[in-house]
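Note on naming: letters A, B, ... go to the chains in the order of the sequence lines (proteins, then strands), and numbering restarts at 1 for each one.
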Amino acid sequence: MLPRLHLLTNDDLLADERLLRRAGALMERGGGRLALHLRGPRTPGRRLYELGVAFAGPAAATGAHLLVNDRVDVAMALRGSASGVHLGGRSLPPAEARSLLGDEVLLGRSIHGEGETTGEGLDYLMVGTIYRSESHPGREPAGPARVERLAAARGLPLLAVGGVTPGRVGELRRAGAHGVAVIRGVWDAPDPGRALDDYLARLEPDGREDPPMSSKTDPSTRTMTLVVNGDEREVPHGLTIAGLLEALELVPGTVVVERNREIVPREAHAEVTLAEGDQLELVHFVGGG
Amino acid sequence: MSERTQTEAPLAGTDRPLEMGGREFTSRLILGTGKYRDNETMMAALRASGTEMVTVAVRRVDLDRSSDEAILNHLDPDEFFLLANTAGCYTADEAIRYARLARAAGFNEWIKLEVIGDEATLLPDVQATLEAAKVLCDEGFKVMAYTNDDLISALRLEDAGCVSVMPLASPIGSGLGLINPFYIREIKSRLSVPVIVDAGVGTASDACLTMEQGVDGLLMNTAVAVADDPVAMADAMRLATRAGRLAWLAGRMPRREVAVPSSPTTGMLD
(Lines give C-alpha, C1' and ligand atoms only; values in the text may rest on other atoms or scores of the structure.)
Protein backbone atom coordinates (compact mmCIF):
# COMPACT_ATOMS: atom_id res chain seq x y z
CA MET A 1 0.00 0.00 0.00
CA LEU A 2 0.98 3.63 -0.28
CA PRO A 3 3.19 4.36 2.74
CA ARG A 4 1.83 6.94 5.13
CA LEU A 5 5.14 8.61 5.81
CA HIS A 6 7.06 10.19 2.94
CA LEU A 7 10.51 11.46 3.73
CA LEU A 8 11.65 14.06 1.22
CA THR A 9 15.13 15.34 0.53
CA ASN A 10 16.49 18.57 -0.89
CA ASP A 11 19.59 19.45 -2.92
CA ASP A 12 21.74 19.91 0.19
CA LEU A 13 20.80 16.53 1.62
CA LEU A 14 21.44 14.83 -1.71
CA ALA A 15 24.91 16.37 -1.87
CA ASP A 16 25.77 15.23 1.64
CA GLU A 17 28.06 12.20 1.76
CA ARG A 18 26.37 10.95 4.92
CA LEU A 19 23.03 10.63 3.16
CA LEU A 20 23.31 6.95 2.37
CA ARG A 21 24.17 6.03 5.94
CA ARG A 22 21.59 8.34 7.52
CA ALA A 23 18.77 7.45 5.15
CA GLY A 24 19.70 3.77 5.28
CA ALA A 25 19.21 3.77 9.04
CA LEU A 26 15.84 5.50 8.65
CA MET A 27 14.73 3.04 5.97
CA GLU A 28 15.59 0.20 8.25
CA ARG A 29 13.50 1.78 10.96
CA GLY A 30 10.53 2.60 8.75
CA GLY A 31 10.54 -0.47 6.48
CA GLY A 32 7.52 -0.71 4.21
CA ARG A 33 5.79 2.11 6.08
CA LEU A 34 8.25 4.64 4.70
CA ALA A 35 8.80 6.15 1.26
CA LEU A 36 12.06 7.97 0.63
CA HIS A 37 11.81 10.59 -2.11
CA LEU A 38 14.97 11.47 -4.01
CA ARG A 39 14.05 15.10 -4.47
CA GLY A 40 16.59 17.65 -5.63
CA PRO A 41 15.48 20.13 -8.28
CA ARG A 42 19.04 21.25 -8.97
CA THR A 43 20.71 17.87 -8.49
CA PRO A 44 22.01 16.43 -11.78
CA GLY A 45 20.37 13.33 -13.21
CA ARG A 46 23.65 11.46 -12.93
CA ARG A 47 23.80 12.02 -9.18
CA LEU A 48 20.13 11.08 -8.77
CA TYR A 49 20.72 7.88 -10.71
CA GLU A 50 23.79 6.97 -8.65
CA LEU A 51 21.91 7.59 -5.43
CA GLY A 52 19.04 5.48 -6.73
CA VAL A 53 21.45 2.62 -7.42
CA ALA A 54 23.01 3.03 -3.97
CA PHE A 55 19.60 2.98 -2.28
CA ALA A 56 18.31 -0.04 -4.22
CA GLY A 57 19.91 -2.47 -1.75
CA PRO A 58 18.61 -0.82 1.44
CA ALA A 59 15.17 -0.43 -0.14
CA ALA A 60 15.02 -4.10 -1.08
CA ALA A 61 16.35 -5.21 2.27
CA THR A 62 14.00 -3.10 4.36
CA GLY A 63 10.88 -2.92 2.20
CA ALA A 64 11.05 0.89 2.22
CA HIS A 65 9.83 2.54 -0.96
CA LEU A 66 12.12 4.64 -3.10
CA LEU A 67 10.55 7.39 -5.19
CA VAL A 68 12.29 9.66 -7.67
CA ASN A 69 11.02 13.20 -7.96
CA ASP A 70 10.31 14.67 -11.35
CA ARG A 71 12.86 12.61 -13.30
CA VAL A 72 10.86 9.93 -15.10
CA ASP A 73 14.02 9.05 -17.06
CA VAL A 74 16.00 8.38 -13.89
CA ALA A 75 13.23 6.19 -12.50
CA MET A 76 13.14 4.25 -15.78
CA ALA A 77 16.91 3.79 -15.69
CA LEU A 78 16.59 2.44 -12.15
CA ARG A 79 13.97 -0.04 -13.36
CA GLY A 80 12.69 -2.18 -10.49
CA SER A 81 14.75 -0.42 -7.83
CA ALA A 82 12.54 2.66 -7.71
CA SER A 83 8.96 2.09 -6.59
CA GLY A 84 7.66 5.23 -8.17
CA VAL A 85 7.87 8.78 -9.37
CA HIS A 86 6.64 11.94 -7.77
CA LEU A 87 5.78 14.69 -10.24
CA GLY A 88 5.81 18.43 -9.69
CA GLY A 89 4.18 21.29 -11.53
CA ARG A 90 7.06 21.50 -14.00
CA SER A 91 7.22 17.74 -14.65
CA LEU A 92 5.85 15.74 -17.54
CA PRO A 93 2.06 15.50 -17.60
CA PRO A 94 0.97 12.52 -15.45
CA ALA A 95 -0.61 10.69 -18.38
CA GLU A 96 2.66 10.85 -20.32
CA ALA A 97 4.65 9.77 -17.28
CA ARG A 98 2.27 6.88 -16.75
CA SER A 99 2.56 5.71 -20.31
CA LEU A 100 6.35 5.77 -20.08
CA LEU A 101 6.56 4.12 -16.67
CA GLY A 102 3.89 1.46 -17.07
CA ASP A 103 1.21 0.40 -14.66
CA GLU A 104 3.39 -1.12 -11.97
CA VAL A 105 5.00 2.09 -10.81
CA LEU A 106 3.60 4.34 -8.11
CA LEU A 107 2.85 7.77 -9.52
CA GLY A 108 1.99 10.86 -7.52
CA ARG A 109 1.96 14.59 -7.96
CA SER A 110 2.18 17.75 -5.91
CA ILE A 111 -0.59 20.31 -6.05
CA HIS A 112 -0.65 23.67 -4.38
CA GLY A 113 -3.90 25.28 -5.50
CA GLU A 114 -7.27 23.68 -5.13
CA GLY A 115 -8.28 24.56 -8.66
CA GLU A 116 -5.16 22.97 -10.14
CA THR A 117 -5.86 20.19 -12.59
CA THR A 118 -3.98 17.01 -11.86
CA GLY A 119 -4.20 14.84 -14.93
CA GLU A 120 -4.76 11.13 -15.42
CA GLY A 121 -2.97 8.08 -14.16
CA LEU A 122 -2.08 9.21 -10.65
CA ASP A 123 -2.03 7.07 -7.52
CA TYR A 124 -1.91 9.88 -4.98
CA LEU A 125 -1.66 13.63 -4.55
CA MET A 126 0.67 15.59 -2.31
CA VAL A 127 -1.06 18.67 -0.99
CA GLY A 128 0.77 21.72 0.32
CA THR A 129 1.54 23.98 1.86
CA ILE A 130 -0.56 23.07 4.87
CA TYR A 131 1.33 24.80 7.67
CA ARG A 132 3.94 27.51 7.69
CA SER A 133 7.16 25.90 6.54
CA GLU A 134 10.78 26.88 6.29
CA SER A 135 10.99 25.06 2.96
CA HIS A 136 8.41 27.38 1.40
CA PRO A 137 8.55 30.52 3.58
CA GLY A 138 6.70 32.70 1.10
CA ARG A 139 3.65 30.49 0.80
CA GLU A 140 0.57 31.28 2.78
CA PRO A 141 -0.35 28.09 4.66
CA ALA A 142 -3.64 26.55 3.61
CA GLY A 143 -4.42 24.63 6.80
CA PRO A 144 -5.97 21.19 7.21
CA ALA A 145 -9.24 22.40 5.72
CA ARG A 146 -7.62 22.19 2.29
CA VAL A 147 -6.93 18.51 2.89
CA GLU A 148 -10.54 18.01 3.81
CA ARG A 149 -11.87 19.75 0.70
CA LEU A 150 -9.46 18.01 -1.65
CA ALA A 151 -10.03 14.60 -0.09
CA ALA A 152 -13.71 14.99 -0.88
CA ALA A 153 -13.17 16.37 -4.38
CA ARG A 154 -10.29 14.42 -5.85
CA GLY A 155 -10.86 10.84 -4.82
CA LEU A 156 -7.17 10.03 -4.51
CA PRO A 157 -5.11 9.35 -1.38
CA LEU A 158 -3.72 12.64 -0.11
CA LEU A 159 -0.40 13.33 1.52
CA ALA A 160 -0.14 16.56 3.48
CA VAL A 161 3.14 18.47 3.22
CA GLY A 162 4.51 21.67 4.66
CA GLY A 163 5.33 22.24 8.30
CA VAL A 164 3.83 18.94 9.42
CA THR A 165 5.02 18.13 12.92
CA PRO A 166 4.17 14.86 14.71
CA GLY A 167 1.63 16.77 16.81
CA ARG A 168 -0.30 17.79 13.69
CA VAL A 169 -0.60 14.32 12.24
CA GLY A 170 -3.81 13.57 14.13
CA GLU A 171 -5.79 16.46 12.73
CA LEU A 172 -4.52 15.81 9.22
CA ARG A 173 -5.61 12.19 9.40
CA ARG A 174 -9.02 13.28 10.69
CA ALA A 175 -9.24 15.72 7.79
CA GLY A 176 -8.85 12.77 5.44
CA ALA A 177 -5.11 12.71 4.73
CA HIS A 178 -3.73 9.28 3.93
CA GLY A 179 -0.34 10.34 5.23
CA VAL A 180 2.22 13.11 5.45
CA ALA A 181 5.44 14.19 3.77
CA VAL A 182 8.25 15.75 5.77
CA ILE A 183 11.75 17.12 5.31
CA ARG A 184 12.98 19.04 8.33
CA GLY A 185 10.67 17.31 10.75
CA VAL A 186 12.94 14.30 10.44
CA TRP A 187 16.27 15.41 8.96
CA ASP A 188 16.67 18.40 11.29
CA ALA A 189 15.41 16.60 14.40
CA PRO A 190 17.97 16.08 17.19
CA ASP A 191 17.36 12.37 16.79
CA PRO A 192 15.96 11.67 13.30
CA GLY A 193 15.29 8.01 14.12
CA ARG A 194 13.11 8.90 17.08
CA ALA A 195 11.35 11.61 15.09
CA LEU A 196 10.59 9.02 12.40
CA ASP A 197 9.16 6.65 15.00
CA ASP A 198 7.07 9.48 16.41
CA TYR A 199 5.52 10.24 13.01
CA LEU A 200 4.91 6.57 12.28
CA ALA A 201 3.31 5.94 15.65
CA ARG A 202 0.89 8.81 15.13
CA LEU A 203 0.14 7.84 11.53
CA GLU A 204 -0.59 4.27 12.55
CA PRO A 205 -1.74 4.55 16.13
CA ASP A 206 -2.54 0.88 16.48
CA GLY A 207 0.89 -0.02 15.23
CA ARG A 208 -0.21 -1.50 11.97
CA GLU A 209 -1.32 -0.39 8.58
CA ASP A 210 -4.84 -0.61 7.36
CA PRO A 211 -5.23 -3.79 5.39
CA PRO A 212 -4.51 -2.98 1.77
CA MET A 213 -7.69 -4.84 0.88
CA SER A 214 -9.49 -1.64 1.77
CA SER A 215 -10.63 -0.96 -1.77
CA LYS A 216 -14.16 -1.84 -0.74
CA THR A 217 -14.30 0.94 1.79
CA ASP A 218 -12.48 3.43 -0.37
CA PRO A 219 -13.69 3.00 -3.93
CA SER A 220 -11.59 5.90 -5.12
CA THR A 221 -8.27 4.10 -4.60
CA ARG A 222 -6.88 2.58 -7.77
CA THR A 223 -6.87 -1.16 -7.52
CA MET A 224 -5.79 -4.13 -9.56
CA THR A 225 -6.90 -7.74 -9.64
CA LEU A 226 -4.51 -10.56 -8.84
CA VAL A 227 -5.11 -14.29 -8.81
CA VAL A 228 -3.76 -15.51 -5.47
CA ASN A 229 -3.80 -19.27 -4.88
CA GLY A 230 -6.47 -19.64 -7.51
CA ASP A 231 -8.78 -16.91 -6.24
CA GLU A 232 -9.14 -13.39 -7.57
CA ARG A 233 -8.27 -10.61 -5.15
CA GLU A 234 -8.57 -6.85 -5.45
CA VAL A 235 -5.52 -5.10 -4.09
CA PRO A 236 -4.23 -1.53 -4.22
CA HIS A 237 -2.33 -0.52 -7.27
CA GLY A 238 1.42 -0.62 -6.81
CA LEU A 239 1.42 -3.28 -4.08
CA THR A 240 4.68 -5.20 -3.66
CA ILE A 241 4.93 -8.88 -2.81
CA ALA A 242 6.09 -7.92 0.67
CA GLY A 243 3.04 -5.68 0.95
CA LEU A 244 0.73 -8.48 -0.14
CA LEU A 245 2.19 -10.90 2.41
CA GLU A 246 1.87 -8.27 5.08
CA ALA A 247 -1.73 -7.59 4.12
CA LEU A 248 -2.50 -11.29 4.28
CA GLU A 249 -0.79 -11.40 7.67
CA LEU A 250 1.61 -14.09 6.52
CA VAL A 251 4.99 -14.52 8.15
CA PRO A 252 7.31 -13.73 5.22
CA GLY A 253 10.00 -16.17 6.31
CA THR A 254 7.79 -19.22 5.94
CA VAL A 255 6.05 -18.54 2.63
CA VAL A 256 7.43 -19.18 -0.83
CA VAL A 257 6.04 -16.99 -3.59
CA GLU A 258 5.68 -17.96 -7.22
CA ARG A 259 4.64 -15.18 -9.57
CA ASN A 260 3.47 -16.17 -13.03
CA ARG A 261 5.17 -19.55 -12.57
CA GLU A 262 8.48 -18.03 -11.52
CA ILE A 263 9.75 -18.19 -7.97
CA VAL A 264 10.49 -14.78 -6.48
CA PRO A 265 13.40 -15.06 -4.05
CA ARG A 266 12.58 -13.84 -0.57
CA GLU A 267 15.18 -11.05 -0.81
CA ALA A 268 13.25 -9.57 -3.73
CA HIS A 269 9.79 -9.55 -2.13
CA ALA A 270 10.04 -5.91 -1.13
CA GLU A 271 11.11 -4.71 -4.55
CA VAL A 272 8.81 -6.66 -6.83
CA THR A 273 5.73 -4.61 -7.57
CA LEU A 274 2.74 -6.66 -8.63
CA ALA A 275 0.82 -5.99 -11.82
CA GLU A 276 -2.76 -6.42 -12.92
CA GLY A 277 -3.59 -10.05 -13.62
CA ASP A 278 -0.52 -11.51 -11.93
CA GLN A 279 -0.92 -15.16 -10.97
CA LEU A 280 0.52 -15.80 -7.55
CA GLU A 281 1.05 -19.01 -5.69
CA LEU A 282 1.82 -18.71 -2.00
CA VAL A 283 2.98 -22.02 -0.62
CA HIS A 284 4.43 -23.36 2.58
CA PHE A 285 5.29 -26.65 4.26
CA VAL A 286 2.50 -28.78 5.63
CA GLY A 287 2.50 -32.26 7.11
CA GLY A 288 3.20 -34.98 4.56
CA GLY A 289 4.78 -38.37 4.05
CA MET B 1 25.30 -68.12 4.53
CA SER B 2 25.41 -64.65 6.01
CA GLU B 3 23.80 -61.85 3.99
CA ARG B 4 25.97 -59.12 5.42
CA THR B 5 29.08 -57.75 3.79
CA GLN B 6 32.55 -57.84 5.30
CA THR B 7 32.84 -54.08 5.48
CA GLU B 8 29.95 -53.69 7.85
CA ALA B 9 30.90 -56.08 10.63
CA PRO B 10 29.09 -55.30 13.87
CA LEU B 11 31.03 -53.99 16.84
CA ALA B 12 29.29 -55.29 19.94
CA GLY B 13 25.87 -54.16 18.82
CA THR B 14 26.98 -50.79 17.52
CA ASP B 15 26.12 -49.36 14.15
CA ARG B 16 27.73 -46.77 11.95
CA PRO B 17 25.85 -43.62 11.05
CA LEU B 18 23.87 -43.54 7.83
CA GLU B 19 25.91 -41.50 5.37
CA MET B 20 23.90 -39.89 2.65
CA GLY B 21 24.37 -36.84 0.46
CA GLY B 22 27.33 -35.66 2.52
CA ARG B 23 25.45 -35.85 5.82
CA GLU B 24 25.39 -38.38 8.61
CA PHE B 25 22.28 -39.62 10.37
CA THR B 26 22.42 -41.71 13.52
CA SER B 27 18.80 -42.77 13.18
CA ARG B 28 17.90 -44.95 10.20
CA LEU B 29 14.25 -44.11 10.51
CA ILE B 30 12.73 -41.22 8.55
CA LEU B 31 9.20 -40.21 9.46
CA GLY B 32 6.47 -38.41 7.58
CA THR B 33 4.46 -35.66 9.25
CA GLY B 34 1.07 -36.22 7.60
CA LYS B 35 -2.19 -37.60 8.98
CA TYR B 36 -1.53 -37.06 12.69
CA ARG B 37 -4.65 -36.22 14.68
CA ASP B 38 -2.95 -33.18 16.19
CA ASN B 39 0.42 -31.48 16.26
CA GLU B 40 1.18 -32.36 19.88
CA THR B 41 0.81 -36.05 19.12
CA MET B 42 2.95 -35.65 16.03
CA MET B 43 5.76 -33.96 17.92
CA ALA B 44 5.68 -36.56 20.69
CA ALA B 45 5.75 -39.36 18.11
CA LEU B 46 8.64 -37.82 16.16
CA ARG B 47 10.65 -37.53 19.35
CA ALA B 48 9.77 -41.07 20.49
CA SER B 49 10.91 -42.45 17.13
CA GLY B 50 14.40 -40.98 17.52
CA THR B 51 14.24 -39.77 13.92
CA GLU B 52 16.47 -36.95 12.70
CA MET B 53 14.83 -36.40 9.34
CA VAL B 54 11.17 -35.75 8.65
CA THR B 55 9.29 -35.28 5.42
CA VAL B 56 7.00 -32.36 4.71
CA ALA B 57 4.76 -31.49 1.78
CA VAL B 58 4.49 -28.24 -0.19
CA ARG B 59 0.97 -26.86 -0.40
CA ARG B 60 -0.87 -23.58 -0.93
CA VAL B 61 -1.23 -21.40 2.14
CA ASP B 62 -4.84 -21.47 3.31
CA LEU B 63 -5.63 -17.78 3.02
CA ASP B 64 -8.96 -18.14 4.81
CA ARG B 65 -7.18 -19.41 7.91
CA SER B 66 -9.66 -22.21 8.32
CA SER B 67 -6.87 -24.49 9.51
CA ASP B 68 -3.57 -24.17 11.26
CA GLU B 69 -1.58 -26.32 8.90
CA ALA B 70 1.75 -24.48 8.68
CA ILE B 71 3.92 -27.22 10.05
CA LEU B 72 6.75 -24.89 10.98
CA ASN B 73 4.48 -23.38 13.62
CA HIS B 74 4.98 -26.65 15.45
CA LEU B 75 8.13 -28.25 14.18
CA ASP B 76 11.54 -26.72 14.77
CA PRO B 77 13.74 -27.09 11.66
CA ASP B 78 16.77 -27.05 13.95
CA GLU B 79 15.50 -30.15 15.72
CA PHE B 80 14.65 -32.17 12.60
CA PHE B 81 16.21 -32.09 9.15
CA LEU B 82 13.42 -31.18 6.72
CA LEU B 83 12.98 -33.36 3.67
CA ALA B 84 10.37 -31.79 1.40
CA ASN B 85 8.49 -34.12 -0.90
CA THR B 86 6.76 -33.83 -4.24
CA ALA B 87 3.81 -35.92 -3.09
CA GLY B 88 0.73 -35.58 -5.21
CA CYS B 89 2.62 -34.83 -8.43
CA TYR B 90 1.72 -36.84 -11.50
CA THR B 91 4.19 -35.43 -14.04
CA ALA B 92 7.90 -34.70 -14.08
CA ASP B 93 7.28 -30.99 -14.69
CA GLU B 94 4.95 -30.76 -11.73
CA ALA B 95 7.44 -32.52 -9.46
CA ILE B 96 10.25 -30.22 -10.62
CA ARG B 97 8.08 -27.19 -9.89
CA TYR B 98 7.32 -28.42 -6.37
CA ALA B 99 10.98 -29.23 -5.73
CA ARG B 100 12.04 -25.72 -6.72
CA LEU B 101 9.40 -24.18 -4.48
CA ALA B 102 10.57 -26.36 -1.61
CA ARG B 103 14.17 -25.31 -2.09
CA ALA B 104 13.13 -21.65 -2.17
CA ALA B 105 11.83 -22.08 1.38
CA GLY B 106 15.48 -21.80 2.24
CA PHE B 107 16.20 -24.82 4.44
CA ASN B 108 18.13 -27.21 2.23
CA GLU B 109 18.42 -28.59 -1.30
CA TRP B 110 17.13 -32.06 -0.48
CA ILE B 111 14.00 -33.41 -2.07
CA LYS B 112 12.04 -36.60 -1.73
CA LEU B 113 11.07 -37.04 -5.34
CA GLU B 114 7.90 -38.94 -6.02
CA VAL B 115 5.92 -38.92 -9.23
CA ILE B 116 2.75 -40.95 -8.98
CA GLY B 117 1.58 -42.90 -12.02
CA ASP B 118 -1.76 -44.24 -10.91
CA GLU B 119 -4.38 -42.89 -8.58
CA ALA B 120 -5.72 -46.21 -7.35
CA THR B 121 -2.42 -47.83 -6.34
CA LEU B 122 -0.29 -44.69 -5.99
CA LEU B 123 2.46 -46.68 -7.68
CA PRO B 124 5.28 -44.52 -9.01
CA ASP B 125 5.66 -43.44 -12.64
CA VAL B 126 9.25 -44.57 -12.88
CA GLN B 127 9.91 -43.01 -16.27
CA ALA B 128 8.68 -39.59 -15.14
CA THR B 129 10.58 -39.97 -11.85
CA LEU B 130 13.80 -40.62 -13.76
CA GLU B 131 13.18 -37.66 -16.04
CA ALA B 132 12.61 -35.34 -13.06
CA ALA B 133 15.56 -36.82 -11.17
CA LYS B 134 17.94 -35.96 -14.02
CA VAL B 135 16.78 -32.35 -14.12
CA LEU B 136 16.86 -31.91 -10.35
CA CYS B 137 20.27 -33.54 -9.88
CA ASP B 138 21.63 -31.21 -12.58
CA GLU B 139 20.20 -28.27 -10.66
CA GLY B 140 22.11 -29.32 -7.55
CA PHE B 141 19.29 -30.96 -5.66
CA LYS B 142 20.00 -33.90 -3.39
CA VAL B 143 17.36 -36.24 -4.66
CA MET B 144 15.96 -39.17 -2.71
CA ALA B 145 13.84 -40.94 -5.28
CA TYR B 146 10.78 -42.98 -4.41
CA THR B 147 10.49 -45.86 -6.86
CA ASN B 148 9.17 -49.34 -7.47
CA ASP B 149 10.96 -52.42 -6.14
CA ASP B 150 12.57 -52.81 -9.55
CA LEU B 151 16.32 -53.20 -9.85
CA ILE B 152 16.70 -51.62 -13.28
CA SER B 153 14.81 -48.46 -12.30
CA ALA B 154 16.87 -48.24 -9.12
CA LEU B 155 20.11 -48.49 -11.11
CA ARG B 156 18.96 -45.77 -13.51
CA LEU B 157 18.06 -43.47 -10.64
CA GLU B 158 21.46 -44.01 -9.07
CA ASP B 159 23.09 -43.21 -12.44
CA ALA B 160 21.05 -40.01 -12.60
CA GLY B 161 22.80 -38.83 -9.43
CA CYS B 162 20.23 -39.50 -6.70
CA VAL B 163 21.72 -39.53 -3.19
CA SER B 164 19.36 -42.32 -2.21
CA VAL B 165 17.01 -44.68 -3.99
CA MET B 166 13.82 -45.51 -2.14
CA PRO B 167 11.96 -48.58 -3.33
CA LEU B 168 8.59 -49.33 -1.81
CA ALA B 169 7.85 -52.23 0.53
CA SER B 170 4.24 -52.12 -0.68
CA PRO B 171 1.86 -49.36 -1.89
CA ILE B 172 1.75 -46.03 0.00
CA GLY B 173 -0.55 -46.16 3.01
CA SER B 174 -1.36 -49.86 2.50
CA GLY B 175 0.41 -51.25 5.57
CA LEU B 176 0.93 -54.52 3.68
CA GLY B 177 4.54 -54.78 4.78
CA LEU B 178 7.45 -56.08 2.72
CA ILE B 179 5.95 -57.83 -0.30
CA ASN B 180 9.12 -58.75 -2.12
CA PRO B 181 12.16 -59.14 0.14
CA PHE B 182 14.11 -60.76 -2.69
CA TYR B 183 13.81 -57.69 -4.98
CA ILE B 184 14.71 -55.36 -2.14
CA ARG B 185 17.83 -57.43 -1.40
CA GLU B 186 18.72 -57.38 -5.10
CA ILE B 187 18.50 -53.61 -5.18
CA LYS B 188 20.53 -53.22 -2.00
CA SER B 189 23.24 -55.54 -3.25
CA ARG B 190 23.69 -53.68 -6.53
CA LEU B 191 23.50 -50.01 -5.52
CA SER B 192 26.24 -47.93 -3.95
CA VAL B 193 23.99 -45.14 -2.68
CA PRO B 194 21.88 -45.80 0.42
CA VAL B 195 18.70 -47.76 -0.17
CA ILE B 196 15.84 -46.54 2.02
CA VAL B 197 12.63 -48.52 1.88
CA ASP B 198 9.78 -46.04 1.61
CA ALA B 199 6.09 -46.90 2.00
CA GLY B 200 4.13 -49.94 2.97
CA VAL B 201 5.41 -50.74 6.46
CA GLY B 202 2.39 -51.48 8.68
CA THR B 203 3.77 -52.42 12.04
CA ALA B 204 7.01 -53.02 13.94
CA SER B 205 7.61 -56.54 12.59
CA ASP B 206 7.44 -55.15 9.02
CA ALA B 207 10.06 -52.57 9.92
CA CYS B 208 12.29 -55.16 11.51
CA LEU B 209 11.93 -57.63 8.64
CA THR B 210 12.68 -54.92 6.10
CA MET B 211 15.80 -53.79 7.92
CA GLU B 212 16.90 -57.42 8.15
CA GLN B 213 17.22 -57.37 4.36
CA GLY B 214 20.24 -55.12 4.81
CA VAL B 215 18.75 -51.86 3.56
CA ASP B 216 20.10 -48.60 4.94
CA GLY B 217 16.95 -47.16 6.36
CA LEU B 218 13.18 -46.85 6.42
CA LEU B 219 10.76 -44.07 5.63
CA MET B 220 7.23 -44.34 6.95
CA ASN B 221 4.31 -42.17 7.86
CA THR B 222 0.88 -43.79 8.04
CA ALA B 223 1.87 -46.76 10.24
CA VAL B 224 2.83 -44.37 13.02
CA ALA B 225 0.38 -41.53 12.40
CA VAL B 226 -2.80 -43.61 12.33
CA ALA B 227 -1.88 -46.12 15.06
CA ASP B 228 -4.21 -45.98 18.06
CA ASP B 229 -1.26 -44.70 20.06
CA PRO B 230 1.13 -43.03 17.62
CA VAL B 231 3.72 -42.27 20.29
CA ALA B 232 3.93 -45.91 21.38
CA MET B 233 4.08 -47.04 17.76
CA ALA B 234 6.86 -44.54 17.06
CA ASP B 235 8.83 -46.03 19.93
CA ALA B 236 8.13 -49.53 18.61
CA MET B 237 9.35 -48.48 15.14
CA ARG B 238 12.51 -47.03 16.65
CA LEU B 239 13.24 -50.33 18.40
CA ALA B 240 12.24 -52.47 15.41
CA THR B 241 14.32 -50.48 12.95
CA ARG B 242 17.31 -50.79 15.22
CA ALA B 243 16.62 -54.46 15.99
CA GLY B 244 16.39 -55.30 12.29
CA ARG B 245 19.53 -53.35 11.56
CA LEU B 246 21.51 -55.05 14.32
CA ALA B 247 20.20 -58.49 13.37
CA TRP B 248 21.37 -57.92 9.82
CA LEU B 249 24.74 -56.64 10.97
CA ALA B 250 25.04 -59.60 13.33
CA GLY B 251 24.49 -62.04 10.46
CA ARG B 252 21.67 -64.50 10.79
CA MET B 253 22.16 -68.26 11.00
CA PRO B 254 21.53 -70.24 7.83
CA ARG B 255 18.06 -71.59 7.20
CA ARG B 256 17.90 -75.41 7.22
CA GLU B 257 15.07 -77.71 6.36
CA VAL B 258 16.17 -80.05 9.17
CA ALA B 259 16.34 -79.68 12.92
CA VAL B 260 19.74 -79.39 14.59
CA PRO B 261 19.88 -79.71 18.36
CA SER B 262 21.24 -76.83 20.36
CA SER B 263 22.48 -78.94 23.24
CA PRO B 264 25.38 -81.43 23.06
CA THR B 265 24.42 -84.84 21.75
CA THR B 266 27.27 -86.43 23.68
CA GLY B 267 27.46 -87.03 27.40
CA MET B 268 23.91 -88.25 27.60
CA LEU B 269 23.06 -90.78 30.34
CA ASP B 270 22.81 -94.40 29.29
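- For B:A102, the parts sitting under 4.5 Å from any heavy atom of chain A are the backbone and the side chain alike.
- Taking both residues in full, the closest heavy atoms of B:T210 and B:V215 are given as O-CG2, 3.6 Å, listed atom of the first, atom of the second, then distance.
- A salt bridge does not link B:K134 to B:D138: none of the charged nitrogens lies less than 4.0 Å from a carboxylate oxygen.
- Note on ring orientation: taking the six-membered ring where Trp is involved, the planes of B:F81 and B:W110 are perpendicular (angle over 60°, cut-offs 30° and 60°).
- With respect to the salt-bridge test (charged N to carboxylate O, under 4.0 angstrom), the residues B:E109 and B:K142 qualify.
- Between B:D235 and B:R238, at least one side-chain nitrogen of the basic residue sits less than 4.0 Å from a carboxylate oxygen of the acidic one, meeting the salt-bridge criterion.
- Only the side chain of B:F107 comes within contact range of chain A, with heavy atoms under 4.5 Å apart.
- Put simply, CD1 on B:I196 and CE on B:M144 are 4.5 Å apart, with the number rounded to the nearest 0.5 Å.
- Only one option out of B:L123, B:V197, B:L219 pairs with B:L168 in a side-chain contact (heavy atoms from CB on, under 4.5 Å); it is B:L123.
- Listed in order of number, the residues of residues 277-289 of chain A that approach chain B to under 4.5 Å between heavy atoms are A:E281, A:L282, A:V283, A:H284, A:F285, A:V286, A:G287, A:G288, A:G289.
- If you tally non-hydrogen atom pairs under 4.5 Å between each of B:E114, B:R97, B:K35 and chain A, the highest count goes to B:R97.
- Remark: A:R98 does not engage A:E120 in a salt bridge, criterion side-chain N to carboxylate O under 4.0 Å.
- Interface check for chain A: of the options B:R59, B:R100, B:K112, the most heavy-atom pairs under 4.5 Å are formed by B:R59.
- For chain A, the nearby part of B:L82 is the side chain; its heavy atoms alone come within less than 4.5 Å.
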